[in-house]
Structures are given as C-alpha cells and as structure tokens.
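Down below is the structure, laid out as structure tokens.
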Amino acid sequence: MQLKSRTDDPNRGWRLILVVMALALVAAACGSDAGEDDTAEATEDSAPEIEAPDEATEADEEADDPAPTETASETDRGEAGDAADTAGSGGDIVVGVGAINPDLDAFSATSPPRSFYAYPVWSLMTRVDTLGDDAEIAPGVAESWTRVDDLTWDFTLREGLEFANGEPVDAAAVIYSINFVLDADNEAGIRGKLSIIETVEETDDGVRITMNEPEAILPRLLGAMPIVPPVLHAEDPAAFTLNPIGTGAFMVEEFTPGERLVLVPNPNSGQGNAAPASITFELIPEDAARVAALQAGDVDIITKVPIDSVASLESDGFAIYDQVEPRTYVVDLFTTEGPLADVRVRQALAMAVDASALNEGIMGGRGLPADGQLAPEFMSGYCPDVEAYPYDPAAADALLAEAGATNLELVFQSSQGFLLNDSLMAQAIGEQINSLENVASVEIQAMEFSNFLDVFHGRADRADLYAWGMSSSPFVDASVQLERLVTDYPQHNIGYTNSDYDAAFVELRNSEEGTPERQAAFCELARIYREDVPQLAVMALPDVWAASTEIQGFAVDQAGNPAWEFVTHG
C-alpha cells in the first residue's frame with residue numbers, strides 16, 4: 001500500500017494515523033482463520049446493492065407526443081466475443097469467492113456479487129453493454145424498441161428463442177415476468193426500478209409497455225429485467241430459484257446454496273456461445289485463505305482481493321484487475337428526527353469526514369473520493385460544477401455549536417463483508433466524526449448481514465448513521481441512485497424530503513439521454529443533494545480481482561460483472 005503524502009499537508013498526521021490503524025486492523029483480520037466474518041461477501045435478498053428506483057413523483061403536464069424513434073444497438077460484448085465461438089472449448093475455471101448466493105432468484109438484485117452469479121443464466125429484456133468504454137443499450141429478448149409517446153414504448157421480440165423445458169421466450173413470457181416483478185406481494189428486489197410500468201400487452205411482434213409517468217430511459221432500465229419460463233416458474237417460484245432455467249450463455253449444473261455453484265454452457269443460449277467448459281464458484285470466506293488458494297493453484301481467479309495483498313500477488317506473477325465500481329459508499333443520515341434532522345448538523349458531519357484519507361488509508365488509493373454527489377466522474381449524471389465540502393473539523397465544530405448540537409452520542413450501523421473493507425471504513429469514519437469536540441461518542445454496530453438487511457428493509461430500527469453501497473449496476477446511470485431520495489420512496493426510505501428535489505427528478509425522467517436538459521437536471525439534483533446532505537457520499541469503491549497466468553480473456557465490465565462467457569484456461 002502506498003500513501004500519497006505531502007510534507008505541506010496540514011492533515012498529514014491524521015492520514016498517517018489512519019493508514020497505520022487500517023493496516024493493523026486488516027492484518028489482524030486476515031491473520032485469523034476464524035475471524036468475525038470479516039470478509040464474507042454478503043449475498044443479499046435485495047440488498048443495498050439493489051439500486052432500485054421505485055415510485056417517484058407525479059410528472060408535469062404531458063408534453064407534445066415525441067416523434068417515434070427507433071432505438072436499438074448492434075453492439076455485442078466487445079472484441080472478446082470471438083473467444084466464445086466454440087462452446088466449452090476454454091477449459092474449466094474455478095473462482096474463489098467470499099460467499100455464494102442463498103438462491104438464484106432472477107428478480108432479486110442487479111448488482112454484484114449476486115449479479116455475476118445469476119445474470120449469466122438469464123436473458124434480459126435488453127442489455128446494457130458496459131464491457132467497453134461506453135454504456136450502450138443492446139438487444140436482449142427485445143431486438144428493437146420504439147417510443148410511441150411519452151408514456152408508451154413498443155418492443156419487438158426476437159423469434160425462435162426457447163427455454164430448455166420447451167416453453168417459448170415470447171410475449172407471454174415477457175408479460176408474466178414483468179407482472180411478477182410488479183406485484184408487491186412477490187417482494188421482487190428489482191420492482192423499484194420498474195414500478196413506473198402500468199401495463200404490458202401483447203402486440204403483433206412483441207409487447208407494448210405503458211407507464212404511469214414518462215421515463216425516457218425505459219430501455220436502459222429493462223437491462224435489469226430477466227425473462228423466465230412462465231409455466232414452470234408459476235408452479236413454484238421459490239423452488240425455481242434453486243434450480244432455474246433461462247436462455248443466458250450458461251445454465252446451472254450444480255448448486256449448493258451458500259457453498260458452491262457450477263455453470264456450464266447453455267445449449268438454449270440466446271446470448272451466443274460460452275467459451276469455458278465450466279465456471280465453478282467455490283466458497284472461501286476469509287481473505288487470507290482466498291489469496292492462499294490462488295497462490296496454491298486451487299483456484300484460478302479470486303474476487304475482493306485485500307488491498308494489502310495486491311503487491312505480493314503482482315510480484316508473484318498473478319494478474320491484477322483493478323477498477324472503480326459504479327457503487328458509491330454512502331452513510332445515510334437519519335433526517336426524520338433527532339440531531340441529524342438539522343441540516344447544519346449534517347453539513348458538519350460532511351466537513352468531518354476526510355474521504356481522501358479514507359481512500360488512501362483503507363483502500364490503498366484505489367477508490368475515487370466523491371465530489372459531494374452520488375455519481376462518480378466516469379458515470380452519466382456526474383456534475384463537474386459540484387464539489388465536496390472541504391475537510392475542516394474546526395468549521396464542523398462551529399456549525400454544530402451554532403445548531404446547539406453538543407455532546408452528541410451517535411450510533412453507526414455497518415455491514416460486515418458486504419463491501420470491501422466495510423468494517424474498517426465504518427471504524428475510520430466513526431473515529432473522524434468522534435474527533436469533533438461536540439461529539440461525545442460514535443458507537444459502531446457492525447451487523448451480521450441478516451440483521452443489516454432487516455434495518456435496510458425497515459423491519460428493524462435504524463440508527464443515526466447507516467452505511468451501505470449505492471450501485472448503479474448494470475445501468476451506469478446516476479438516476480437509479482438519485483431516485484432513492486425522492487419523497488416517499490418506498491424502499492429503504494431515510495425520511496428525506498425536498499419538493500425542489502422531487503421536481504428536478506421529474507425533469508430528469510422527462511429528458512432524453514445525452515441532452516443538455518438531462519444534464520441540467522442531474523446538476524440541479526447534485527446541487528440540492530450537496531446542500532441538504534441526506535447522506536455522506538464518501539467514495540466510489542474499488543473492485544480488485546486476481547487471476548493466474550493460465551487465465552485468458554478475463555475482463556470486468558463497468559457494472560462490476562466479469563464477462564464469464566469469454567474466459568478461457570490456457
């Protein structure tokens with residue numbers, strides 16, 4: 001781990017203390033085979049990774065109907081597609097992971113780690129191709145789409161796709177799948193993203209989707225919509241999650257929930273051939289054990305590489321794949337009641353957190369500190385005119401005193417193992433906030449994941465601060481994160497409300513991708529977010545993988561999902 005230090009940096013002492021603290025904690029965690037669940041990657045049922053826009057605000061008066069526009073991309077998954085010309089020719093691949101899904105529910109979540117286990121099995125309604133530099137909308141089950149008017153889209157479906165049980169991938173399958181998600185009783189994790197859909201009806205060559213308010217990026221949002229065989233799924237949806245069939249590049253050969261998953265090429269694929277003969281995900285919860293398994297040749301690839309192991313793996317000749325995820329580490333601030341209901345207190349906490357020091361000390365400089373907004377600079381929705389509050393503990397204390405918030409006793413809830421170094425991040429942020437004169441204590445509650453999810457879903461009380469990762473996977477568009485702060489948002493509501501924010505989000509939804517109007521709406525939302533501080537946006541998180549030299553064609557897309565169909569074992 002390298003520290004970017006400057007001798008004239010007034011905060012250099014604190015940064016060095018943070019680095020030492022982080023290294024000590026990491027070393028202690030990694031050195032224990034029976035640690036406190038320090039590295040188990042949580043495999044959520046609609047976890048904080050679910051970036052789910054749900055019901056937002058009412059639209060403004062309808063504009064004149066736009067002229068119908070045909071929209072479809074011919075993009076495939078990049079040049080690597082050639083590697084998958086012959087199904088199963090790429091050998092057997094073993095991947096060491098921190099946890100395995102408890103199920104393979106198609107409708108549970110859209111972001112890693114669940115997505116990189118489940119998405120290879122499904123064909124999605126559309127596909128957000130993020131393997132290259134852009135995030136382009138490509139055909140999936142739908143081969144093309146037309147916006148009929150503000151509230152209506154027509155989708156033409158591909159012909160000839162069939163599930164392994166003989167059911168066709170047709171309008172009936174699409175209608176069943178979408179309606180299952182929209183039914184609140186089914187508690188589908190992705191429902192929030194698609195709750196603007198009012199009806200789905202069959203047409204001569206596909207389906208017509210009618211919305212309850214305009215949404216200019218519906219085809220992008222449908223990149224989270226898997227299509228399942230309606231008859232088989234309806235017989236027993238719960239059983240289907242353990243033995244699913246889809247038309248993705250892979251099918252499930254073996255699945256032991258929470259322990260092991262084996263994928264093999266799918267002869268009913270609608271996504272082309274998969275190169276590997278098999279992809280086996282093996283559970284290795286501890287970081288140190290996962291690294292050791294790679295070094296011993298027991299696995300070919302590992303995820304969530306601990307930062308302090310990167311240099312040694314590189315020196316041993318292993319390939320490191322390092323990028324920043326479209327996932328922002330945030331700390332929710334309880335705005336409904338208590339001291340954090342005062343915006344001055346929230347602004348003070350923003351000044352008390354040194355995101356650059358956290359990035360250097362906890363993430364080895366591999367993350368991307370947030371600029372006072374949810375969108376990182378590489379993602380659609382980033383506003384260059386918005387900047388983070390400066391790290392200024394003295395100004396923070398003065399603002400707390402002005403608000404009459406003295407001797408604060410705060411509780412900070414955090415997951416253990418859901419995000420890279422999440423426990424360390426919570427401890428370090430707690431220390432920074434606790435260093436303020438007007439803060440008496442910050443109690444860190446590092447929660448088992450089931451308890452953490454209970455808080456997320458409102459089944460248990462939330463504390464003053466609650467840390468999680470807001471992901472835009474697979475969309476790579478900040479709208480899916482920003483919608484969570486609309487008044488009365490139904491999932492994991494933090495009590496924040498601002499009518500100006502709500503109005504700006506309506507403008508965003510009405511604006512076409514890539515237009516000045518959409519960027520202006522993004523910037524207005526970012527400015528309000530920065531001023532009101534409903535959350536502390538800390539950093540876009542790093543995503544670090546390692547692989548043996550025998551592995552070829554491994555790549556992770558912008559959404560944080562490996563392109564498993566192109567990986568080969570030399």
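None of these values were measured; they are calculated from a predicted model.
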> What residues, two or more places apart in sequence or in another chain, satisfy side chain to side chain donor-acceptor pair (under 3.5 Å) together with Arg527?
Replying inline: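 Checked Arg527 against side chain to side chain donor-acceptor pair (under 3.5 Å); matches are Glu524.
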Flag, side chain of [X] to backbone of [Y], donor-acceptor distance under 3.5 Å:
| X | Y | result |
| --- | --- | --- |
| Thr210 | Glu198 | no |
| Tyr501 | Leu482 | yes |
| Asp170 | Ala173 | yes |
| Thr487 | Thr497 | no |
| Ser414 | Ala467 | no |
| Tyr466 | Phe452 | yes |
| Asn266 | Asn268 | yes |
| Glu167 | Leu232 | yes |
| Asp103 | Asp105 | yes |
| Gln323 | Asp557 | yes |

>> Using the rule given for side-chain contact (heavy atoms from CB on, under 4.5 Å), can you reason through Val141 versus Leu124, listing the C-alpha separation, both sets of side-chain angles and the distance that settles it, and then say yes or no?
In response: CA-CA 6 Å; Val141 169; Leu124 306 171; over 6 Å; no
When rounded to the nearest 0.5 angstrom, what is the spacing between [atom1] in [X] and [atom2] in [Y]?
| X | Y | atom1 | atom2 | value |
| --- | --- | --- | --- | --- |
| Ile528 | Asp500 | CD1 | CG | 5.0 Å |
| Cys523 | Leu508 | SG | CG | 11.0 Å |
| Leu221 | Ile196 | CG | CD1 | 6.0 Å |
| Leu374 | Arg327 | CG | CZ | 14.0 Å |
| Arg346 | Tyr496 | CZ | OH | 7.5 Å |
| Trp153 | Trp145 | CH2 | CH2 | 9.0 Å |

Kindly give the heavy-atom pair with the smallest separation between [X] and [Y], and that separation in Å.
| X | Y | value |
| --- | --- | --- |
| Val386 | Ala526 | CG2-CB, 3.9 Å |
| Ala224 | Ile190 | O-CD1, 3.2 Å |
| Pro265 | Ala274 | CG-O, 3.9 Å |
| Pro376 | Thr328 | CD-OG1, 4.2 Å |
| Ser479 | Phe505 | O-CE1, 3.6 Å |
| Val324 | Ala540 | CG1-CB, 3.4 Å |

Quick one, [X] and [Y] - any side-chain contact, counting heavy atoms below 4.5 Å?
| X | Y | result |
| --- | --- | --- |
| Trp122 | Ile227 | no |
| Val533 | Leu333 | yes |
| Val455 | Met447 | yes |
| Thr280 | Arg260 | yes |
| Arg462 | Gln413 | yes |
| Val343 | Glu531 | no |
| Phe566 | Pro276 | no |
| Pro244 | Val252 | yes |

Would you please say whether a donor-acceptor pair under 3.5 Å links the side chains of [X] and [Y]?
| X | Y | answer |
| --- | --- | --- |
| Thr146 | Asp154 | no |
| Asp149 | Thr152 | yes |
| Trp468 | Asp332 | yes |

Under-4.0 Å salt bridge between [X] and [Y]:
| X | Y | answer |
| --- | --- | --- |
| Glu512 | Arg147 | yes |
| Arg158 | Glu143 | no |
| Asp477 | Arg518 | yes |
| Arg208 | Glu202 | no |

Can you confirm whether or not the ring centre of [X] sits under 6.0 Å from the ring centre of [Y]?
| X | Y | answer |
| --- | --- | --- |
| Tyr382 | Phe522 | no |
| Phe163 | His233 | no |
| Trp564 | Phe250 | no |

>> Tell me which one of Leu261, Leu242, Thr241 satisfies side chain to side chain contact (heavy atoms under 4.5 Å, CB included) with Leu104.
In response: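 Answer to the side chain to side chain contact (heavy atoms under 4.5 Å, CB included) test with Leu104 among Leu261, Leu242, Thr241: Leu261.
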>> Is there a side-chain contact (heavy atoms from CB on, under 4.5 Å) between Leu151 and Asn212? Walk through the geometry before answering.
In response: CA-CA 7 Å; Leu151 296 175; Asn212 53 38; over 6 Å; no
> So Ser415 and Asp422, side-chain hydrogen bond (donor to acceptor under 3.5 Å, both in side chains) or not? Walk me through it.
Replying inline: CA-CA 6 Å; Ser415 60; Asp422 48 5; 2.7 Å; yes
>> Pair Phe255, Val262 - check side-chain contact (heavy atoms from CB on, under 4.5 Å), show working.
In response: CA-CA 6 Å; Phe255 179 45; Val262 181; over 6 Å; no
> For Asn165, does the CG atom have more than 12 heavy-atom neighbours from other residues, nucleotides or ligands under 6.0 Å away?
Replying inline: yes
>> How about CD on Glu254, more than 12 heavy atoms from neighbouring residues, nucleotides or ligands closer than 6.0 Å, or not?
In response: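 Yes.
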> Would Glu513 and Thr515 count as a side-chain contact (heavy atoms from CB on, under 4.5 Å) if you check the C-alpha gap in whole Å, the side-chain angles of each, and the deciding distance to 0.1 Å?
Replying inline: CA-CA 6 Å; Glu513 289 192 76; Thr515 61; over 6 Å; no
